[in-house]
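A, B, ... follow the sequence lines: proteins, then strands. Residue 1 opens every chain.
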There are 2 protein chains.
Amino acid sequence: MIRNLTEQDKEHLQEALVKSGQKVTPQREAVFTVLLSERDHPTVDEVFNRAREVMPGLSLATVYNCLETFVGCGLVRQVNHERESTRYCPNLAPHAHFRDKETGQVHDIELPPEVMKSLRSILPPGFDSEVIEISFLGRAQAKDTHSN
Amino acid sequence: MIRNLTEQDKEHLQEALVKSGQKVTPQREAVFTVLLSERDHPTVDEVFNRAREVMPGLSLATVYNCLETFVGCGLVRQVNHERESTRYCPNLAPHAHFRDKETGQVHDIELPPEVMKSLRSILPPGFDSEVIEISFLGRAQAKDTHSN
DNA sequence: TAATCAGTTAGAATGAGTCTAATCCGCAAG
DNA sequence: CTTGCGGATTAGACTCATTCTAACTGATTA
């Protein structure tokens with residue numbers, strides 16, 4: 001179910017948008033709401049379908065635009081796996097992704113700072129990296145029930 | 001330039017193919033030759049164009065087929081970055097990829113076993129991973145000249 | 001020689017994502 | 001007000017990597 005944004009979430013959205021010279025619009029609020037309501041790394045299509053429940057006139061192009069805007073102002077992260085549809089994730093803490101081979105579900109894996117450090121240390125001199133993507137592929141025993 | 005396969009490379013190809021019930025064909029040899037001649041993570045299209053120099057009748061579909069076969073029998077690895085075209089890499093040692101933001105070039109980064117181990121250790125119980133993909137995005141000072 | 005079968009081929013189909021041109025909407029200036 | 005401006009939104013056309021399909025090839029087996 002799609003729950004409403006808390007005041008705090010609204011401020012978070014507004015602040016991030018305004019900081020990068022963007023406006024808060026009803027469409028952006030709707031898309032953001034969808035992302036926060038179910039944190040299951042939805043595809044654009046999934047976001048689109050969920051958001052339509054709340055705003056039936058919303059167009060697919062706008063969902064693409066909104067998500068791009070959010071990525072641009074650091075509100076959400078893109079998650080790519082092989083060449084499958086891009087997924088979106090509002091978890092901003094540094095984390096890796098674990099993709100279940102059977103269900104296709106994506107789980108967040110916390111990334112302790114010392115692991116990040118050891119990763120950075122394997123770069124030869126002259127290599128300077130801003131972004132490190134880590135993704136696991138395998139099987140996960142469903143231990144939590146609040147999966148998608 | 002496309003150099004011929006060494007006897008050793010030919011055996012390597014044959015062994016891997018036969019082991020998974022596949023045949024050695026002229027097209028597969030040509031594609032494999034291209035991969036080993038310039039180890040710069042080419043896209044399917046690049047492989048296609050290079051291979052045509054040596055085998056003009058070769059079709060794109062066949063290049064796709066060959067590469068898929070090679071991946072299936074562990075001869076090469078697929079490298080994906082965001083949603084760009086898939087690239088192929090004949091380096092089988094465990095390694096990460098560094099993608100230069102400016103040139104688009106992909107460099108292999110050696111992965112020491114202790115880093116692999118620390119990565120595996122961050123998986124919560126119940127998560128079992130076969131494949132770990134690590135990719136860096138950033139800028140690399142060109143220190144070698146034999147880039148593509 | 002005929003049948004079989006994997007591999008190859010050209011071209012059509014797919015589908016995620018991007019582009020375009022028209023429209024909408026909020027707001028500031030007149 | 002009402003006019004004009006600019007960014008946001010929209011529908012639909014378009015792109016392009018990849019996959020699919022159906023016909024063809026060529027080596028091997030019956």
Side-chain angles (χ1 to χ4, degrees), chain A residues 13-14 16-34 41-52 54-73 75-89 104 106, chain B residues 13-14 16-34 41-52 54-73 75-89 104 106:
Chain A
L13 173 63
Q14 161 146 18
L17 284 173
V18 170
K19 194 180 292 178
S20 45
Q22 308 279 348
K23 293 175 187 164
V24 179
T25 68
Q27 287 86 346
R28 284 173 182 170
E29 266 193 23
V31 170
F32 194 61
T33 305
V34 165
H41 307 85
T43 61
V44 172
D45 235 64
E46 284 162 352
V47 174
F48 178 53
N49 289 317
R50 293 177 198 173
R52 289 264 245 182
V54 141
M55 182 181 276
L58 185 69
S59 85
L60 180 60
T62 300
V63 176
Y64 274 101
N65 291 338
C66 292
L67 291 169
E68 194 193 349
T69 304
F70 293 166
V71 171
C73 62
L75 272 171
V76 307
R77 233 175 100 179
Q78 276 186 325
V79 185
N80 288 292
H81 219 283
E82 314 272 292
R83 282 189 50 87
E84 289 171 15
S85 312
T86 300
R87 295 174 175 277
Y88 292 83
C89 138
V106 178
Chain B
L13 172 63
Q14 162 146 18
L17 284 172
V18 170
K19 194 180 290 176
S20 45
Q22 310 278 349
K23 292 176 190 163
V24 178
T25 69
Q27 287 85 346
R28 285 173 182 170
E29 267 194 23
V31 170
F32 194 60
T33 304
V34 165
H41 307 86
T43 61
V44 173
D45 235 64
E46 284 162 351
V47 173
F48 179 52
N49 288 317
R50 293 178 197 172
R52 289 264 245 181
V54 140
M55 183 181 274
L58 185 69
S59 86
L60 180 59
T62 300
V63 175
Y64 273 100
N65 291 338
C66 290
L67 290 169
E68 195 193 349
T69 304
F70 293 164
V71 170
C73 62
L75 273 171
V76 307
R77 233 175 100 180
Q78 276 185 324
V79 185
N80 288 291
H81 218 283
E82 314 271 292
R83 282 189 49 86
E84 290 170 14
S85 311
T86 300
R87 295 174 175 277
Y88 292 83
C89 137
V106 177

*With respect to the side chain of B:Arg28, which nucleotide from D:dT10, C:dT8, D:dA8 is positioned closest?*
C:dT8

*Does some side-chain heavy atom of B:Leu13 sit less than 4.5 Å from a side-chain heavy atom of B:Phe70?*
yes

*asked:* Is there a side-chain contact between A:Gln22 and the phosphate of D:dG7, meaning an N or O under 4.0 Å from OP1 or OP2?
replied: no

*Are B:Val106 and B:His81 close enough, and set up right, to give a side-chain contact (heavy atoms from CB on, under 4.5 Å), and what steps lead you there?*
CA-CA 10 Å; B:Val106 177; B:His81 218 283; 5.8 Å; no

*D:dT25 C1' sits how many Å from B:Met55 CE, rounded?*
14 Å

*asked:* Please report the distance, rounded to the nearest Å, between NZ in A:Lys23 and P in D:dA8.
replied: 6 Å

*Is the shortest heavy-atom distance from the side chain of B:Thr43 to the side chain of B:Glu46 under 4.5 Å?*
yes

_Atom pair CD/OG1 of A:Glu68 and A:Thr62 - distance to nearest 0.5 Å_ = 12.0 Å

*Round to the nearest Å and state the distance from B:Phe48 atom CZ to C:dG11 atom P.*
12 Å

Show each protein N/O and nucleotides 16-19 of chain C N/O combination with a separation under 3.5 Å, one pair to a line.
residue, atom, partner, partner atom, Å
C:dG17, OP1, A:Thr86, N, 2.8
C:dG17, OP1, A:Thr86, OG1, 2.8
C:dG17, OP1, B:Arg83, NE, 3.2
C:dG17, OP2, A:Tyr64, OH, 3.2

*Would you tell me if any nitrogen or oxygen in the side chain of B:Thr25 comes within less than 4.0 Å of OP1 or OP2 on C:dT8?*
yes

*Are B:Gln22 and B:Cys73 side-chain neighbours, meaning at least one heavy-atom pair lies under 4.5 Å?*
no

_Between B:Arg83 and A:Glu84 (side chain of the first, backbone of the second, donor and acceptor by atom type, cut-off under 3.5 Å), is there such a pair?_
yes

*Let me know the distance between CD of A:Gln27 and C1' of C:dT23, rounded to the nearest Å.*
13 Å

*Remember a base hit wins even if backbone is also touched, and classify A:Thr62 as base, sugar-phosphate or nothing at under 4.0 Å, heavy atoms.*
base

*Atom pair distance, as rounded to whole Å: CG in B:Asn65 and P in C:dA10*: 13 Å

*Could you check how far CG of B:Leu67 sits from P of C:dG7, rounded to whole Å?*
15 Å

